[in-house]
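Working notes, beginning with the structure itself.
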Amino acid sequence: MVTDTISDMLTRIRNATMVKHQIVQIPVTKMSLAIASILKDEGFIEDFEIYTENSRNYLLISLKYKGKQRKSVITKIERISKPGLRVYTGAKKLPKVLANLGIAIISTSQGVMTNLEAKKLGIGGEILCYIW
């Protein structure tokens, strides 16, 4: 049993990109679905789908690479807010990741979204991770 499903998801993606795997399998949660849809919308992954194996649901994420060297589009994934130390931010102090070249995924009262969407809506929340 994994206690921090977000860290588990990010670590699986990080490890898969390091060894250049095409797909990665992650247990499905509402949060992992929300993060995967943001990663797809922002162009960090190609696609994702849900499949069932032995009455358990899994998320298959197809990772994205570029060039002949198959360099990963995801350079770094960093977990910010952890179960032992939650990190919150207000609407006026939303983080900029690499001068808005990367994204911060934020859990708000309106749902999970990027830092740019939260800034447009003028809301803050818990900073889950940085991706660039």
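Note that the coordinates shown come from a computational prediction; the quantities given were computed from them, not determined experimentally.
- With Asn115 contributing its side chain and Pro95 its backbone, the two residues share a donor-acceptor pair below 3.5 Å.
- Grouping Ile, Leu, Val, Met, Phe, Trp and Tyr by side-chain contacts under 4.5 Å, direct or through others, puts Tyr58 with Ile23, Tyr51, Leu60.
- Although no hydrogens or angles enter the test, the distance criterion places no donor-acceptor pair under 3.5 Å between the side chain of Arg79 and the main chain of Leu10.
- In this structure, Thr29 contributes its side chain and Ser32 its backbone to a donor-acceptor pair below 3.5 Å.
- Transitive grouping of hydrophobic side chains (ILVMFWY, heavy atoms separated by less than 4.5 Å) brings Ile50 and Val112 into a common cluster.
- Salt bridge status for Lys82 with Asp4: absent, with no side-chain N to carboxylate O gap under 4.0 Å.
- Summarising the geometry, atom CD1 belonging to Ile131 is positioned 5.0 Å from atom CD1 belonging to Ile103; distances are rounded to the nearest 0.5 Å.
- Using a 4.5 Å heavy-atom cutoff, the side chains of Lys64 and Phe44 are not in contact.
- Atoms OG1 and CD, on Thr108 and Glu117 in that order, are 9.0 Å from each other to the nearest 0.5 Å.
- Between the side chain of Tyr88 and the backbone N or O of Ser81, no donor-acceptor pair lies under 3.5 Å.
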Q | Check against side chain to side chain donor-acceptor pair (under 3.5 Å), Ser107 and Glu126 | A | CA-CA 5 Å; Ser107 177; Glu126 180 182 358; 5.0 Å; no
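- Other residues, nucleotides and ligands contribute more than 12 heavy atoms inside 6.0 Å of the CZ atom of Arg86.
- Remark: the backbone N or O of Ile77 is paired with a side-chain donor or acceptor of Arg14 at under 3.5 angstrom.
- There is a path of hydrophobic side-chain contacts, each under 4.5 Å, that joins Ile105 to Leu33.
- Summarising the geometry, atom CE belonging to Met18 is positioned 14.0 Å from atom CD1 belonging to Ile13; distances are rounded to the nearest 0.5 Å.
- To the nearest 0.5 Å, the span separating NE2 on His21 from OG on Ser62 amounts to 13.0 Å.
- Taking all atoms of both residues into account, the shortest heavy-atom contact from Ala36 to Ile61 is CB-CD1, 4.3 Å.
- Here the straight-line distance linking atom CG of Leu59 with atom CD of Gln25 works out to 9.5 Å at 0.5 Å rounding.
- Exactly one of Lys20, Glu46, Lys71 qualifies for a side chain to side chain contact (heavy atoms under 4.5 Å, CB included) with Tyr65. That residue is Lys20.
- Looking only at distances, no side-chain donor or acceptor of Thr52 sits under 3.5 Å from a matching main-chain atom of Ser55.
- Atom CD of Glu53 has more than 12 heavy atoms from other residues, nucleotides or ligands within 6.0 Å.
- Taking CD1 from Ile127 and CD from Glu78, the interatomic distance works out to 11.0 Å, rounded to the nearest 0.5 Å.
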Q) Can you check side-chain contact (heavy atoms from CB on, under 4.5 Å) on Gln22 and Arg70, steps first, answer last? A) CA-CA 10 Å; Gln22 186 60 41; Arg70 288 181 44 92; 3.5 Å; yes
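- Of the residues Leu94, Ile80, Ile38, Leu116, the one that meets the side chain to side chain contact (heavy atoms under 4.5 Å, CB included) test with Ile106 is Leu94.
- Nearest heavy atom pair, residue Thr17 against residue Ser72, reads CG2-OG, 3.5 Å.
- Linking Ile, Leu, Val, Met, Phe, Trp and Tyr whenever their side-chain heavy atoms come within less than 4.5 Å leaves Val97 and Ile6 in two separate clusters.
- By the rule that hydrophobic residues join a cluster once side-chain heavy atoms approach within less than 4.5 Å of another member, Val73 and Leu98 end up as members of separate clusters.
- Residues Met31 and Tyr130 do not share a hydrophobic cluster, defined by chaining ILVMFWY side chains whose heavy atoms lie under 4.5 Å apart.
- Summarising the geometry of Ala16 relative to Leu63, their closest heavy-atom pair is CB-CD1, 3.6 Å, with the distance given to 0.1 Å.
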